[in-house]
> 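Input: one structure, supplied below.
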2 protein chains.
Amino acid sequence: MGRGGLNGGAAGPGPGSGLGSDPAAGSSPPPGERPVTIADVAARARVSKSAVSFVFNGRRGLSADTQARIVRAAEDLGWTPNARARALARRRPRSVGLVIRLDGEDAGPWTDVVGFLEGLGGALASGGTALVVRAVSSAVDEEEAYAVFADESQVDVVLVGALGTGEGVPAVLTRSGLPFVVAAPAPAAAAVADREERARLAVRHLAALGHGRIALVAGERAPFDAFAEEARLLGVEIVPRPLPDSSPVAAEEVTAALVAGTSPPTAIVYETALLAVAGLRTAVALGLSVPARLSVVGLDNDPVAASTTPTLTTVKRDEAAWGRDCARLLFASIDGDRPGIAALPRAELVVRGSTSPPPSPLRHERTP
Amino acid sequence: MGRGGLNGGAAGPGPGSGLGSDPAAGSSPPPGERPVTIADVAARARVSKSAVSFVFNGRRGLSADTQARIVRAAEDLGWTPNARARALARRRPRSVGLVIRLDGEDAGPWTDVVGFLEGLGGALASGGTALVVRAVSSAVDEEEAYAVFADESQVDVVLVGALGTGEGVPAVLTRSGLPFVVAAPAPAAAAVADREERARLAVRHLAALGHGRIALVAGERAPFDAFAEEARLLGVEIVPRPLPDSSPVAAEEVTAALVAGTSPPTAIVYETALLAVAGLRTAVALGLSVPARLSVVGLDNDPVAASTTPTLTTVKRDEAAWGRDCARLLFASIDGDRPGIAALPRAELVVRGSTSPPPSPLRHERTP
DNA sequence: CAGGCTGGAACAGGGTGGTGG
DNA sequence: GCCACCACCCTGTTCCAGCCT
């Protein structure tokens, strides 16, 4: 065992210091190891500060020669504009704040926070913008986090995960005037649209396979009407099954009732993969082989979907793309433009083993 | 147009402005209104800038009266020190950088990134320190992310997720001299320790229930020897089952072989909940009721653990606590102290429905 | 003399408008 | 009009010489 390079910590900034004498006392300005500043670069290139600044801010008006000299000087000295100073001098720190709130089990509107962060952060980074993240677990902490962002003016704009359930925009934000961009539209409108898109993919897939009666197991507030209408256009029938709560037990009960009923559906779509797993298990336990007798789809792409028997056909959304889209809006906001509306994450169907054409009418006559 | 055209209502009488306001738009500060600075506060409190600064930096030398006046003035004006200016004037921006790297499926050493972020970010925030996050998906991007942190001097210190597989500390960091703290120790040592701790909890639990032969299904590189030794101390026998790959299929095969073999174990511990689910399913399919005939434990706490039948006993680690611990180290680093070693996330047993005492010897005599 | 406070300058590191050759 | 520079700005922090009781 022993140690194992656990602790980091390096000596002072700047290259060239040999062994760290690290005195830990923060009082030694005189030492010659002054970090290099724009002035040093200017001196080396025999120009003024302004000229250097111009080069690093893409302004024209410098001869190619001077420009090259400046770039070289900066490279020689290993100089990069200091973000802190820049943030102060410009009006914009070029950084974005994000509050991730976990309510109970889920993390805001995301099913894949890390994927989202990758898309968002990557896009922001290539635009030279930092992402300041705060994860909280209560509404109080969330408000406080926004308040901090607002007071310290450390970020240009905050990305609001979602307009909470009827809460609207956090009051702190409107009060403080801190610009914000909403990642997920208001629940009433957006969650519907999002669900619709995902459900539509699933239903289309099943309809294409030949299913005519498809059950939909989802939370009570799901837009069953919209689904039904959509389905009608495809010539299939939706059997709505609202779920009193999102527990797997509830999904099991609903599933058992469905398959035991008269004229059972040939396919069931569940709001989440977790519920689908519960339903799948129930169906199998009741003797229906999946997908031969019953097709099952989950509307999110939880990793467990790949681990069931059979593997579970799901719908996933591209959260990285969503993040990238949010970045676009954030840039717009920073530049003073009116941000648009974040695109809903694009949904994609992931066909695995739990869906197949329905049993043929011939075989449908059961032979026990 | 100074107002950037966002939502003019920010300064308005209240949040209750028109319903039609664009949900994706942010607000912008009132035009023409100069942001309040320390000078304004000083003026209002009839003191000098220095006095205000003193108050907000906890320096003594001011009468209680003056101090109160200053605080009031700041409150009246809604003034808070500007983080950007502060970062520049002090040597420390008081912010921490974190790079989250997703390699394929997993996100660094974390099983619950959001939980970790909550612990880390919460602790940092209460210390007035910001967290700048960058999620990447490749080693190249990771290096680049560190490089950005290093050049821009936007963070005091970076938190390195884990010392990669033999890569050691990213070269950029050592080269740049940017201080860093490592969240997870070197894999060779730490992963083992971590796994050991989690496995130990599981084995203890099972031993306490009376199990004498416990199979352990884990990746080939798992420290089976250490587990065996640990088990011996508890008076139980470990049946090691290395897994060629971490697919559920592999887990199924191993499980089938285990329960069909001579003198099968009465309990199986799986490295992850996902694998445990696969194993559980297999066992049940083979006619062994869980937990009556076979106890099953998963070594991580994937949400699916609560959704199986029976629910799955697992081991979880408190990643929020880990995050908090990292924050402690980061503070130490910022303050110039040499950071210590990050505590491994504390593991806890989550007893659910998949474990029970082994079948009694009496019942064990099967009647074929 | 000391504690309490002032006023101002010198920063931190760079951005930018106006000006002059 | 092209190039480059000067001087001031951003917002605090910190240091210092002093002034008042």
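By convention in this document, chain letters (A, B, ...) are assigned in the order of the sequence lines, proteins followed by strands, and residues within each chain are numbered from 1. Since the model is a prediction, treat every value here as computed from it, not as a measurement.
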> Angle class for the A:F116/A:W322 ring planes (parallel below 30°, perpendicular above 60°, tilted otherwise)?
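A:F116 vs A:W322 ring planes: perpendicular.
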> Set out, in order, the CA-CA distance, both residues' side-chain angles and the distance that settles side-chain hydrogen bond (donor to acceptor under 3.5 Å, both in side chains) for B:S53 and B:S50, then state yes or no.
CA-CA 5 Å; B:S53 179; B:S50 321; over 6 Å; no
> Would you classify A:S53 as touching base, sugar-phosphate or nothing, given that sugar-phosphate means primed atoms plus P, OP1 and OP2, and contacts are heavy atoms under 4.0 Å?
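It contacts base atoms.
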> OP1, OP2 of D:dA4 versus side-chain N and O of A:S63: anything below 4.0 Å?
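Checking D:dA4 against A:S63, a side-chain N or O does come within under 4.0 Å of OP1 or OP2.
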> Among the nucleotides D:dC5, C:dG14, D:dT13, which one has an atom lying closest to any side-chain atom of A:R86?
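So the nucleotide nearest the side chain must be C:dG14.
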> Specify the separation, in whole Å, of atom CG of B:D65 and atom C1' of C:dG3.
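Distance, rounded to whole Å: 15 Å.
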> Expected output is a numbered-order residue list: members of residues 39-46 of chain B with a heavy atom under 4.0 Å from any atom of DNA chain D. What is it?
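None - not one residue of the stretch has a heavy atom sitting under 4.0 Å from the strand.
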> Please find the pair of heavy atoms, one from B:A51 and one from B:L62, that lie closest to each other, and give the distance.
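Nearest pair, atom of B:A51 first, then B:L62: O-CD1, 3.5 Å.
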> Rounded off to whole Å, could you give me the CZ-to-P distance for the B:R90 and C:dA10 pair?
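In whole Å, C:dA10 P and B:R90 CZ are 23 Å from each other.
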> Extract all donor-acceptor atom pairs below 3.5 Å that involve side chains of residues 119-129 of chain A and protein atoms in other chains or at least two apart in sequence.
{"from": "A:S126", "atom 1": "OG", "to": "A:G122", "atom 2": "O", "distance (Å)": "3.3"}
{"from": "A:S126", "atom 1": "OG", "to": "A:A123", "atom 2": "O", "distance (Å)": "2.9"}
{"from": "A:T129", "atom 1": "OG1", "to": "A:R94", "atom 2": "NE", "distance (Å)": "3.4"}
{"from": "A:T129", "atom 1": "OG1", "to": "A:G127", "atom 2": "O", "distance (Å)": "3.2"}

> Within a strict 4.5 Å, meaning less than it, do heavy atoms of the A:I38 and A:F56 side chains meet?
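Heavy-atom side-chain distance check fails, nothing below 4.5 Å.
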> If you define the side chain from C-beta out and look only at heavy atoms, does anything of A:R90 sit under 4.5 Å from A:N57?
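Yes, their side chains come closer than 4.5 Å.
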> Minimum heavy-atom separation for A:Y146 to A:L159, with atom names?
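Taking every non-hydrogen atom into account, OH-O, 4.2 Å.
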> Any idea which of D:dT14, C:dG15, C:dG13 is nearest the A:K49 side chain?
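Looking only at heavy atoms from C-beta outward on A:K49, the closest nucleotide is C:dG15.
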> With respect to the phosphate group of C:dG14, does any side-chain polar atom (N or O) of A:W79 fall under 4.0 Å of OP1 or OP2?
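It does, given that an N or O in the side chain of A:W79 lies less than 4.0 Å from OP1 or OP2 of C:dG14.
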> In whole angstrom, give the distance that lies between atom CG of A:L88 and atom P of C:dC11.
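Computing the A:L88:CG to C:dC11:P distance gives 17 Å.
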> Give, ordered by number, those residues of residues 149-156 of chain B having at least one heavy-atom distance below 4.0 Å to an atom of DNA chain C; if nothing qualifies, reply none.
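None - not one residue of the stretch has a heavy atom sitting under 4.0 Å from the strand.
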> Quick one: does A:D156's side chain get under 4.5 Å of A:L178's, heavy atoms only?
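In short, these two side chains do not touch, never coming nearer than 4.5 Å.
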> Look for any protein N or O under 3.5 Å of an N or O in nucleotides 15-21 of chain D and output each such pair with its distance, or none.
none

> Could you pull out the closest heavy-atom pair between A:Q154 and B:A130, with the gap in Å?
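Minimum heavy-atom separation between A:Q154 and B:A130: OE1-CB, 3.5 Å.
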> If you compare every side-chain N and O of A:T37 against the phosphate oxygens of C:dG13 (OP1, OP2), does one of them come in below 4.0 Å?
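Indeed not, no polar side-chain atom of A:T37 lies that close.
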> Mind checking whether A:V136 and A:V99 have side chains closer than 4.5 Å, heavy atoms only?
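Side chain of A:V136 against side chain of A:V99, heavy atoms only: contact under 4.5 Å found.
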> Just compare C:dG15, D:dC10, C:dT6 and give me whichever is closest to any side-chain atom of A:I38.
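For the A:I38 side chain, the nearest candidate turns out to be C:dG15.
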> Below 4.5 Å, heavy atoms only, C-beta onward: do B:S137 and B:R101 meet side chain to side chain?
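A side-chain contact is absent here, since even the closest heavy-atom pair is not under 4.5 Å.
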> Identify all side-chain donor-acceptor contacts of residues 68-79 of chain B below 3.5 Å with residues at least two apart in sequence or on another chain.
{"from": "B:R69", "atom 1": "NE", "to": "B:A45", "atom 2": "O", "distance (Å)": "3.2"}
{"from": "B:R69", "atom 1": "NH2", "to": "B:A45", "atom 2": "O", "distance (Å)": "3.1"}
{"from": "B:R72", "atom 1": "NH2", "to": "B:D76", "atom 2": "OD1", "distance (Å)": "3.1"}
{"from": "B:R72", "atom 1": "NH2", "to": "B:D76", "atom 2": "OD2", "distance (Å)": "3.3"}
{"from": "B:D76", "atom 1": "OD2", "to": "B:R44", "atom 2": "NH1", "distance (Å)": "2.7"}

> Would you check if A:L98 and A:V160 make a side-chain contact, meaning some heavy-atom pair closer than 4.5 Å?
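Answer no - side chains too far apart.
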> Could you state the atom-to-atom distance from CZ of B:R92 to C1' of D:dT13 in whole Å?
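Going from B:R92 (CZ) to D:dT13 (C1'), I get 15 Å.
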> Is B:R134 reaching over with its side chain to a backbone N or O of B:E144, donor-acceptor style, under 3.5 angstrom?
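Not a single qualifying donor-acceptor pair exists.
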> Whole Å only: how far is the CZ atom of A:R69 from the C1' atom of D:dA4?
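Spelled out: CZ on A:R69 to C1' on D:dA4 is 11 Å.
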> Tell me: CZ of B:R84 to P of C:dG13, nearest whole Å?
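One finds 17 Å between P of C:dG13 and CZ of B:R84, rounded.
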> Measure the angle between the two terminal helix axes of the helix from C:dA2-D:dT21 to C:dG21-D:dC2, five base pairs each, and quote it to 10°.
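For the helix from C:dA2-D:dT21 to C:dG21-D:dC2, the axes at opposite ends meet at about 50°.
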> Just to be sure I understand the rule, does B:V52 reach a base, reach only the sugar-phosphate, or reach nothing, if contact means heavy atoms closer than 4.0 Å?
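The residue B:V52 makes no contact with any strand.
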> Would you indicate, yes or no, if D:dC10 has its OP1 or OP2 atom less than 4.0 angstrom from a side-chain nitrogen or oxygen of B:N82?
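No, B:N82 has no side-chain N/O under 4.0 Å of OP1/OP2 on D:dC10.
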> Relative to the 5' end of DNA chain C, which residue comes earlier, B:A85 or B:A51, by the nucleotide with the nearest heavy atom?
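Between the two, 5'-proximity favours B:A51.
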> Closest approach of B:V155 and B:V158, non-hydrogen atoms and distance?
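Heavy atoms of B:V155 and B:V158 come nearest at CG2-CG1, 3.9 Å.
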> Given atom CZ of B:F56 and atom P of D:dT11, what is their separation to the nearest angstrom?
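Taking atom P of D:dT11 as the reference, CZ of B:F56 is at 16 Å.
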> Let me know, please, whether A:R60 or A:V47 comes out on the 5' side of the other along DNA chain D by nearest nucleotide.
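Counting from the 5' end, the first nearest nucleotide belongs to A:R60.
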> For A:L62, which contact category applies under a 4.0 Å heavy-atom criterion: base, sugar-phosphate, or nothing?
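Sugar-phosphate, backbone atoms only, no base.
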